[in-house]
Amino acid sequence: TLSKGFKNIKNKLQGLEELNERVIDDALQDVKRSLLEADVAFDVVKKFLRNVKEKAMGETVRVKVKHKDKKIKIKPEDMFIKICEDELVNLLGPVDASLKINEYEPTKIMLVGLQGSGKTTTAGKMAKLLMKNGKSVLLVAADVYRPAAIEQLKVIGSQLGVDVVAKEGENPVKICKDAIEVAKEKNIDVVIFDTAGRLAIDEVLMKELEEIKKETNPENIFLVCDAMIGQDAVNMSMAFDKRLDVDGFIMTKLDGDTRGGAILSVKEVTGKPIKFVGIGESLDKFEEFRPEGYASRILG
Amino acid sequence: TSVGKKIDENVLEDLEAILIKSDIGVATTEEIIERARREIERDKLNDREALLRIIKEEIKRILMENSESVESKEIDVKPQVIFVVGVNGVGKTTTIGKLTYALSLEGKRVIVCASDTFRAAAIEQLEVWAKRSGAEIVKKSHGSDPAAVLYDSLEMAKKKDADVVIVDTAGRLHTKVNLMKELEKMSRIASKKVEGAPHEVLLVIDATTGQNGLIQAKSFLEKSGVTGIVVTKLDGTAKGGIIVSIKRELNIPIKWVGIGEKMEDLIRFDADDFVESLFS
Ligand SMILES: Nc1nc2c(ncn2[C@@H]2O[C@H](COP(=O)(O)OP(=O)(O)OP(=O)(O)O)[C@@H](O)[C@H]2O)c(=O)[nH]1
Ligand SMILES: Nc1nc2c(ncn2[C@@H]2O[C@H](COP(=O)(O)OP(=O)(O)OP(=O)(O)O)[C@@H](O)[C@H]2O)c(=O)[nH]1
Ligand SMILES: [Mg+2]
Ligand SMILES: [Mg+2]
């Protein structure tokens, strides 16, 4: 599954008897370039290179000692590439698509993120997945700003046969609180809050999210992030996480050809897991995040 | 002196980091740094201020070189037909609302064409913008052929002697072959109905986009033609540096900038302002 970035490294290291520091540094330049082209955050790339160098140097010493006069068993280029892939899978994982469930009351899921990242669509996808697992769902239209946002969620709700709580021009905090009461009355298992897209630097709107969190205490707060985002992934994810202490990320639009380096960036800078991925526009295009599927895509 | 040279290496690395972090991309950053390095050595420059000025000038040069005036040619053909295209969620529909408003301030009569017949409530969303910005909307039922809506809107434009038709299209990832073919079909229909149409194809690029933005631009340029770029969401923390690579590699002019979610939040692209904000 190696594409040209790593083919380059393989060719460079081919035929060498062993890895040494000079060769490793040279290969790391190619890794650096490939990861930056994949939109991995600049500082995350630096950290990744340090980790890989440390392991690669450690490996050469170990292999040298173990195979004193014998030929080295693993080809150096394969070992180096394996170290890179393992390090990436290690940083991206482990698999964690868990939802915190409330045993006594409706479980709440709050979706937040930048404008256009895919929150409303993801609300529908999440609802469909939960229903597949036998749960009843209530969708809450907490975006009162975007033209026809409520209508958009209502269309999704009707496609799924799910009720949508909405109130034009009402305060989003009140909408969410009232929705919980509706869910309790109707004995619904899960409530999903679809919030308006916003900039992390919009003080008023970030306060609104903090207010929704304070008043409704959602068990799950997911930051919905467009997988084609570049270096801004760091600012964005840290800002949302600092204000809301998110439970995890949902990366969308991974059905395109973006390398998706932001996946590594947001995980690294916040420590929070990638829970789910969106892989298409229709409501069934949604699955748990599994790191092995993305390591070679990001490494190139 | 050798001490002077050492300072420049560190300073160059710092500036390289700034460029990479603004999504300018590895290849374009290398070229910019390389040119700056040559100029420093040639002029024996030694202070960070001079280096920064050189880099800024180089980026401005890339952004402004070869691009004919940002004003779209005054076309005698009526209506002028503008397609707005791009991947999902970048701000196409909102940009159309803003563009219509700007055109209406110039006294232009605008028709918006609801050719996103796919996404939930896309037509309703455009209807709100049409009402706000003073445009007439041509629409059909959800799920109808986008090309049929286009055809109707061009008919309506001729009938009502409209100045401009702006076509809202569904978000589409450039990797979806059938969706890109759909755009080609719409171009053909437009050109048959109105001479030279589409006269403008605006590709909307989200300022937060990373290196995939360059691939998007290449694909849309090839499949639907692109005559200008709109970069949206520059009111956020993202620097939008990917447009530097797009301009450098494809020479598509950047025409408009989205700086917010309101109708007035659209300004003409200004290379000086853009470059200054890269380093602010
Ligand atoms: N191809 C693809 N498109 C997606 C995916 N998820 C969402 N979209 C599309 O992305 C666009 C934006 O989706 P929305 O759900 O409206 O995004 P949003 O975050 O609610 O937007 P705002 O409410 O304006 O912030 C729509 O065209 C969706 O169909 C995905 O996984 N793949
Ligand atoms: N902050 C900010 N938000 C913007 C800007 N332009 C658009 N948006 C927001 O981005 C989100 C998506 O805008 P849309 O106009 O629906 O994007 P689209 O490209 O038409 O989306 P699809 O049709 O689903 O592909 C909305 O919440 C807009 O308000 C901008 O310049 N700045
Ligand atoms: Mg939404
Ligand atoms: Mg749209």
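Below, chain A is the first sequence line, B the second, and so on; all start at residue 1.
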## Note on the structure
Counting heavy-atom pairs under 4.5 angstrom with chain B, the leader among A/E281, A/E151, A/Q159 is A/E281
### Query
When only pairs under 4.5 Å are counted, which of A/L199, A/V155, A/L153 shares the most heavy-atom pairs with chain B?
A/L199
To check you understand the geometry: which heavy-atom pair defines the closest contact between [X] and [Y], and what is its length?
X: A/G256; Y: B/T175; answer: CA-OG1, 3.8 Å
X: A/A148; Y: B/A121; answer: O-CB, 3.8 Å
X: B/K176; Y: A/D255; answer: NZ-OD2, 2.5 Å

### Flag side-chain contact, heavy atom, 4.5 Å: B/E124 against A/P147
no
### Message
Could you tell me if the side chain of A/Q115 sits less than 4.5 Å from the side chain of B/E261, heavy atoms only?
### Response
yes
Of the backbone (N, CA, C, O) and the side chain (C-beta and beyond), which part of [X] lies under 4.5 Å from a heavy atom of chain B, both, or neither?
X: A/D202; answer: neither
X: A/L36; answer: both
X: A/L114; answer: side chain

### Task
I would like to know whether B/V128 and A/R146 meet side-chain contact (heavy atoms from CB on, under 4.5 Å); could you show each step before the answer?
CA-CA 10 Å; B/V128 174; A/R146 168 174 156 152; over 6 Å; no
Could you tell me the separation between the [atom1] atom of [X] and the [atom2] atom of [Y], rounded to the nearest 0.5 Å?
X: B/D23; Y: A/F42; atom1: CG; atom2: CZ; answer: 12.5 Å
X: B/T209; Y: A/Q231; atom1: OG1; atom2: CD; answer: 13.0 Å
X: A/T258; Y: B/L173; atom1: OG1; atom2: CG; answer: 10.0 Å

Whether over 12 other heavy atoms sit under 6.0 Å from [X] [atom1]:
X: B/K139; atom1: NZ; answer: no
X: A/K167; atom1: NZ; answer: no
X: B/M180; atom1: CE; answer: yes

### Task
Indicate whether any N or O donor in one side chain lies under 3.5 Å from an N or O acceptor in the other, for A/Q152 and B/Q125.
no
### Query
If we ignore angles and hydrogens, is there a donor and acceptor under 3.5 Å between the side chains of B/N212 and A/D257?
yes
Between [X] and chain A, with a heavy-atom cut-off of 4.5 Å, which part of the residue counts as in contact: side chain, backbone, both or neither?
X: B/H142; answer: neither
X: B/A27; answer: both
X: B/I20; answer: both

### Electrostatic pair B/E30:A/R33 at N-O distance under 4.0 angstrom
yes
#### Entry: Residues B/K21, A/D232: salt bridge by 4.0 Å N-O rule
no
### Query
Among B/V90, B/T93, B/N88, B/V87, who wins on heavy-atom pairs under 4.5 Å with chain A?
B/N88
### Contacts of residues 232-242 of chain B with chain A (heavy atom under 4.5 Å)
B/K233, B/D235, B/G236, B/T237, B/A238
